[in-house]
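Keep in mind that the numbers below use all heavy atoms, side chains included, and drop hydrogens, waters and symmetry copies.
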Amino acid sequence: MTTVLDRPSGDKPAPKKRLDRTHWLYLAVIVAVIGGVIVGLVAPEFGKNVGVLGTMFVSLIKMMITPVIFCTIVLGIGSVRKAATVGKVGGLAFLYFMAMSTIALAIGLVVGNLLHPGGSLKLSESAAAKGAQLAEKAHESGGLMDFIQHIIPTSLFSSLTEGNVLQALFVALLVGFALQAMGAKGEPILRGVEHVQRLVFKILAMVLWLAPIGAFGAIANVVGQTGWSAVTNLLTLMFGFYLTCVVFVFGVLGALLRTVSGVSIFKLVRYLAREYLLIFATSSSESALPRLIAKMEHLGVQQSTVGVVVPTGYSFNLDGTAIYLTMASLFIADALGDPLSIGQQISLLVFMIVASKGAAGVSGAGLATLAGGLQAHRPELLDGVGLIVGIDRFMSEARAVTNFSGNAVATLLVGSWTKTVDMNKVNEVLAGRDPFDELTMLDDSDDGAAVAQKEAVAA
């Protein structure tokens, strides 16, 4: 029998396989959500007080988004020699985002007209006050031109400190193209950014272990504020919205993904299951943005495509928010006894296409955009925004999950159109034969292959 002493000196023992303990984290999130519901029902005042835990957790995640986006885009673009490739990806992505937002808005109008929600509700004075506050908050974001103007940061480094995703995207594009133009002289800087990215992902992995605490606080706060009786009166709207989102993701997006990329939407959803749970717990798709970037790269989509499509999609490809805007508008109009005519609905649809882009990145974007859109288009309906304040948090889960799904699908579609996705890799990953490294969220196991891939792209 060969022992360690008998083994030739050249034979090194196999490295010990790292254990993936992250499944305990997501089980803890489920337990925390259940505990939050119980606390919210039994001790609603206490549930409201611990809501700050959820806010703090989402703030920690948002803290990481700007550096993640900057590093990803710089590495993706800087490693590609042909700038035309990035321009093609960005152009196709923007056209796709506009088309899908229009389709989502139209679907929301159709479902809203079929259900006629809100016909039996009455507006209270407190709800009116809430609506006025949200309208004021929406106007603070400015119009479309102000939104475009704010893309340009005050300084090169302020884009990384102010937390504005689009400013970080703009500066990262400039840095990426500059490194691209430098050629071999820019390689040391690229390697430095790569090391920074590893540090950022390590910090993010540490932050995610606080997810159960954040989920408990967020859920306890929501249930403590509304209770079941407040939700019961608005079940029609909630059920219709959730059903519409399901049909949109598995019907519209699923059919498009199968036709263009030959990928099953069910396999993609299973691959992103942990991200869906994280989004559901925090009601924020931003909490899963860094993981979506890492997972889409692992899936086989090139960094240059992921770095452009995913961050841009988080501001411009808000399918769930689009559905919400039209259904909520119809609900408010019915509740106030002033239903919208077909012509007014079409006009509102066109307006919301712009409004959903102009308020991208605003905190509480769903309610704020709705209030701002109604204020500009149908100001007499503005007071009705307060009607859905109580259940907006429950609807925000479906809104965030749909937005997230739309961006995941968009990344694969644009990758297929631009030939920047390895379909063999996609099939291997979705079949479970090439699992994602949950410990580091980086593909460290095959650095040689990654380098070879970058060289092939640059050729």
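Residues G186 and M182 approach most closely at N-CB, 3.9 Å, considering heavy atoms. Here the closest non-hydrogen pair linking T418 and V414 is OG1-O, 2.7 Å.
Counted within 6.0 Å of CE on M423, heavy atoms from surrounding residues, nucleotides or ligands total more than 12; the atom is thus considered enclosed.
For the side-chain contact (heavy atoms from CB on, under 4.5 Å) test, residues two or more places apart in sequence or in another chain that qualify with V306 are I293, M296, E297, V301, V310, T411. Listed by chain and number, the residues in a ring-ring contact (aromatic ring centres under 6.0 Å, His included) with F70 amount to none (sequence neighbours excluded).
Here the rule is side-chain contact (heavy atoms from CB on, under 4.5 Å) with I107, and of L105, V110, I103 only I103 fits it.
Ring geometry for H298 versus Y271: interplanar angle under 30°, hence parallel rather than tilted (30 to 60°).
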Output, in order, the C-alpha distance, side-chain angles, deciding distance and verdict of side chain to side chain donor-acceptor pair (under 3.5 Å) for S101 and N317. CA-CA 7 Å; S101 295; N317 188 36; 4.8 Å; no

Taking it one step at a time, do V421 and T305 satisfy side chain to side chain contact (heavy atoms under 4.5 Å, CB included)? CA-CA 9 Å; V421 59; T305 299; over 6 Å; no

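Contact annotation: the side chain of F436 never approaches that of V429 to less than 4.5 Å [non-hydrogen atoms, C-beta and beyond]. Contact of the V426 side chain with the L412 side chain is registered, since non-hydrogen atoms from C-beta on lie closer than 4.5 Å. Residues V171 and P153 meet the side-chain proximity criterion, which asks for heavy atoms closer than 4.5 Å.
With respect to the salt-bridge test (charged N to carboxylate O, under 4.0 angstrom), the residues E428 and K425 do not qualify.
Residue pairs meeting the side chain to side chain donor-acceptor pair (under 3.5 Å) criterion with at least one partner in residues 243-268, sequence neighbours excluded, are S261-S416.
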